[in-house]
Every structure is written in C-alpha cells, then in structure tokens.
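Written out below as structure tokens is the structure these notes cover.
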Amino acid sequence: MQRNANFKNRTEAYDPRSSSIRQQRNVTRPRGASSFGLESILVVFLCTISLIMAGSLFYQLTGTVGGKGDNLLDGSNLIRELNDHHTAKPSLEPPQFSPRIPYLPVFSKILGAEGLIEDTLSNGRPTIAGITAILQTFLSALHDKNMEFYRNKSEPKKIIRTYFDLASKHLSPLEAAYRGKPIFPIREDDSIFISLCAFREHLLYDTLRYAFDQALH
C-alpha cells in the first residue's frame, strides 16, 4: 500500500494536469515570449538595414549624374557624348592625339595599326594610337599563346619562357626607342596629370565631370 502511495505521489508530481506543472508553465511562458519578441525585433532591424542599403545602391545606379539627368543604367547619353567628342574636328590638338582611337567598344581594332606602330618606333612620330596598337598586338599574341597552352597542357617553364619572348618582341622595341627620354613633349602650362584607376566603376563618369569642372583651363 505504501509503495502504491509513493507511486501515486510521483505520478501526480509529473502529471501535466497538476497544479505545480501548470504553475511552472505559467512561469516559463513569459520567458519564451520575451525571447521570441527579441528575435522578431532583431529580424525586423536587419531587414530594415538591408532595404536601406539596397535602396541606396539603386539610387546610385539610377540617379542623376552631374545634375543633367544622365541615367547610368542606360548609358546612351554617355556614349552619345563620347562619340560626339570623338567625331568633333580637333582645333589646336597636339599631334600625338591624332588619329583618335575609338572609345567604344573596348579593344576595338585600330585602323592603320601597322603604320602607326612604325611611326611610333622608327620614325619619331609617336602617337597614343600607335602605343595602343603595340599593346593590342602584344595582348592578342599572348591570348593566342594562352589558348595554345591550354589545348596542349603545356609545362609551366614553356609558358613563362613564351611570355618573356612575346614581351621582348612587342614591348622591348618601345622601351628601347624612348629609354631615358619622354615619349611626348612635357607641357609647361601649369597643367597636372590625373591618373584614375577604375574598373567598371559606376561613379567614374561623375568623377571625371567634377575634375573637368574644377579645372581652370
């Protein structure tokens, strides 16, 4: 009888319907509710930050540039302006800027590349187009060799040796022709040289506009 009484007491102690368990649940329920509330607040906060960042990025990509309403996603205004400048008749332009190389598309073929390279290396008439043609010739030859290496599973030593051979063939003549002297005349009109390093930077156009707007002449 005593054993049955003890078993009954233990059963009541763990009976979900007992008052002690109900009191314990009443005590622990607010803790769970409080934890759930903090998690909800944290999730809402993170979602809000994400929306703000996404909105800021969208504004940067679709906003106006330079106060003239140029849409960066479209790019038609920028291309039109570059083409207009490219086809405009030069006034008092230094000879090294002629002929003008096309802005777009990237790595477009330069007309008369062989003659421009010859003028730049041997005839003392260096131009931007001639130097660009030299670099394009080197990159094109390097690309062809890389594809050949990929197909033939070439050894690393052969790849490195070929790279140095191509550099010596296409780039060393330019180095030798102008070693120890400037390629183009150095200007003495208090102008400065600005080098901007950018790769598909969506704010580059705005930076260039601001730089030219701040220039004195």
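The structure presented is a predicted model; accordingly, all values stated were derived computationally and were not measured. Just so it is clear, the values below take in all heavy atoms, side chains as well, and ignore hydrogens, waters and symmetry mates.
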Going from CG on N123 to CD1 on I117, what distance comes out if it is rounded to the nearest 0.5 angstrom? 12.5 Å
Side chain to side chain contact (heavy atoms under 4.5 Å, CB included) between Y178 and T120, worked out: CA-CA 10 Å; Y178 299 96; T120 299; 4.2 Å; yes
side-chain contact (heavy atoms from CB on, under 4.5 Å) partners for F164, two or more places apart: I160, R161
Quick one: pull up CD1 in I52 and CD1 in I49 and give me the separation to the nearest 0.5 Å. 5.0 Å
For I192, the rest of its hydrophobic cluster, which grows through side-chain links under 4.5 angstrom: I194, L196, L204, L208
Mind checking side-chain contact (heavy atoms from CB on, under 4.5 Å) for A141 and listing every partner two or more places apart, or none if nothing turns up? L166, H170
Taking only residues at least two apart or on different chains, which pairs with a member in residues 128-143 satisfy salt bridge (Lys or Arg N to Asp or Glu O under 4.0 Å)? none
Report the hydrophobic cluster partners of F149, with the cluster defined as I, L, V, M, F, W, Y residues connected by side-chain heavy atoms closer than 4.5 angstrom, directly or transitively. I159
Rounded to the nearest 0.5 Å, how far apart are CG of L171 and CD1 of I134? 8.0 Å
Kindly give the heavy-atom pair with the smallest separation between A133 and A113, and that separation in Å. CB-CB, 3.9 Å
Qualifying residues under side-chain contact (heavy atoms from CB on, under 4.5 Å), relative to F184, sequence neighbours excluded: Q96, P126, I128, I131
Counting only heavy atoms not in E155, do more than 12 fall under 6.0 Å of its CD? no
Sequence neighbours excluded, every pair satisfying salt bridge (Lys or Arg N to Asp or Glu O under 4.0 Å) that has a member inside residues 103-115: none
Can you list the residues that meet the salt bridge (charged side-chain N to carboxylate O under 4.0 Å, His left out) rule with R179, with sequence neighbours excluded? E175
Side chain of T207, backbone of L203: donor and acceptor closer than 3.5 Å? yes
Quick one: side-chain contact (heavy atoms from CB on, under 4.5 Å) partners of P99, sequence neighbours excluded? L116, A129
Spatial distance of atom OG1 (T137) from atom CD1 (I110) [nearest 0.5 Å]: 8.5 Å
Under 3.5 Å, is there a donor-acceptor pair linking the side chains of S154 and N152? no
Tell me if the CG atom of L111 is crowded by more than 12 foreign heavy atoms within 6.0 Å. no
Nearest 0.5 Å, what's the CG-CG distance between L46 and L51? 11.0 Å
Pairs in or reaching into residues 124-147: which pass salt bridge (Lys or Arg N to Asp or Glu O under 4.0 Å), with residues at least two apart or in two chains? D119-R125, K145-E148
